[in-house]
Amino acid sequence: MEEDSNTSFEDDFEGQAVHTGPKGVINDWRKFKLESQDNDTLPLSKKEILKQMSTPRRSFSKEDKETRDRFCRKMSMQEYELIQDEQEDESCLQKYRKRCMQDMHQRLSFGPKYGYVCELQDGEQFLEAIEKERKTTTVIVHIYEDGIKGCSALNNSLTCLAAEYATVKFCKIRASDTGAGDRFSNEVLPTLLVYKGGELLSNFISISEQFNEEFFAVDVESFLNEYGLLPERELPALGNGDADEQDVE
């Protein structure tokens, strides 16, 4: 009699159990997992197992208990596969978030992207690079000559910076090609000119004197940042690995 009372207390409509304890919570999760699965992609065998998992029945005979134990072992493997699927979903979600962040950054980064140093051939190209560029774009022009101390090192440094600051237009031109070679004698080279909106912001003559005999991109970067001539660095590109996932979190 007591056994029948317990059975009626745990059974609800259509024979489903009312779950309140830890086991009930697990069974409710199983049912929720079944309902949330895509019926078109979930294999029939897995769907059937989940359905049986979500509607447990009481078993009283020894034979039924053994059958149930064997069935539970099979269910554990199915649950493991579902957990693995969830972990893969989480990994995809992390990558999706990073992709959204990168896309948003690109949309907010107004203007064209360069990423290289443009070689100007003559004075006309020099003027076009300054006057026909967007008003929001910073244009940095290196005036140099081959064989002049510091010019080669500055060209190498600007090549590195161009890759780091893709929204800045980096250019170089030989002094003899500007059409104003008398203004750019060897004594003032290398010269760095910075423009924005067609206006000259800064003019650094013999800029190599600001550095040690050997200088690198980081030295030129620090110098330009002191004058507020460089924007913030670009966000790193989307990649794979644990480090990337931690960045999102």
Taking [Y] as the starting point, is it possible to reach [X] by hopping between hydrophobic residues whose side chains are less than 4.5 Å apart?
X: L201; Y: L224; result: yes
X: L200; Y: V194; result: no
X: V220; Y: V218; result: no
X: F211; Y: I148; result: no
X: L230; Y: I207; result: yes

With a 4.5 Å heavy-atom cut-off, do [X] and [Y] have their side chains touching?
X: R174; Y: I143; result: no
X: F184; Y: L189; result: yes
X: L229; Y: F204; result: yes
X: S208; Y: K149; result: no
X: F126; Y: V141; result: yes
X: C171; Y: V117; result: no

Pick from T159, L158, N155, V139: which one makes a side chain to side chain contact (heavy atoms under 4.5 Å, CB included) with F170? L158

S185 OG to E145 CD distance, which is reported to the nearest 0.5 Å: 10.5 Å

Once rounded to the nearest 0.5 Å, what's the spacing between atom CZ of R183 and atom OG1 of T178? 8.5 Å

Aromatic plane relationship, Y114 with Y116 - under 30° parallel, 30 to 60° tilted, over 60° perpendicular: perpendicular

With a 6.0 Å cut-off (strictly less than), is the heavy-atom count around CD1 of I205, excluding the residue itself, greater than 12? no

Please test L193 against I140 for side chain to side chain contact (heavy atoms under 4.5 Å, CB included), starting from the C-alpha separation and ending with a verdict. CA-CA 6 Å; L193 307 178; I140 298 179; over 6 Å; no

Set out, in order, the CA-CA distance, both residues' side-chain angles and the distance that settles side chain to side chain contact (heavy atoms under 4.5 Å, CB included) for L154 and L192, then state yes or no. CA-CA 9 Å; L154 186 56; L192 206 62; 4.3 Å; yes

For residues 190-207, pull every pair meeting side chain to side chain donor-acceptor pair (under 3.5 Å), keeping only residues two or more places apart or in separate chains. none

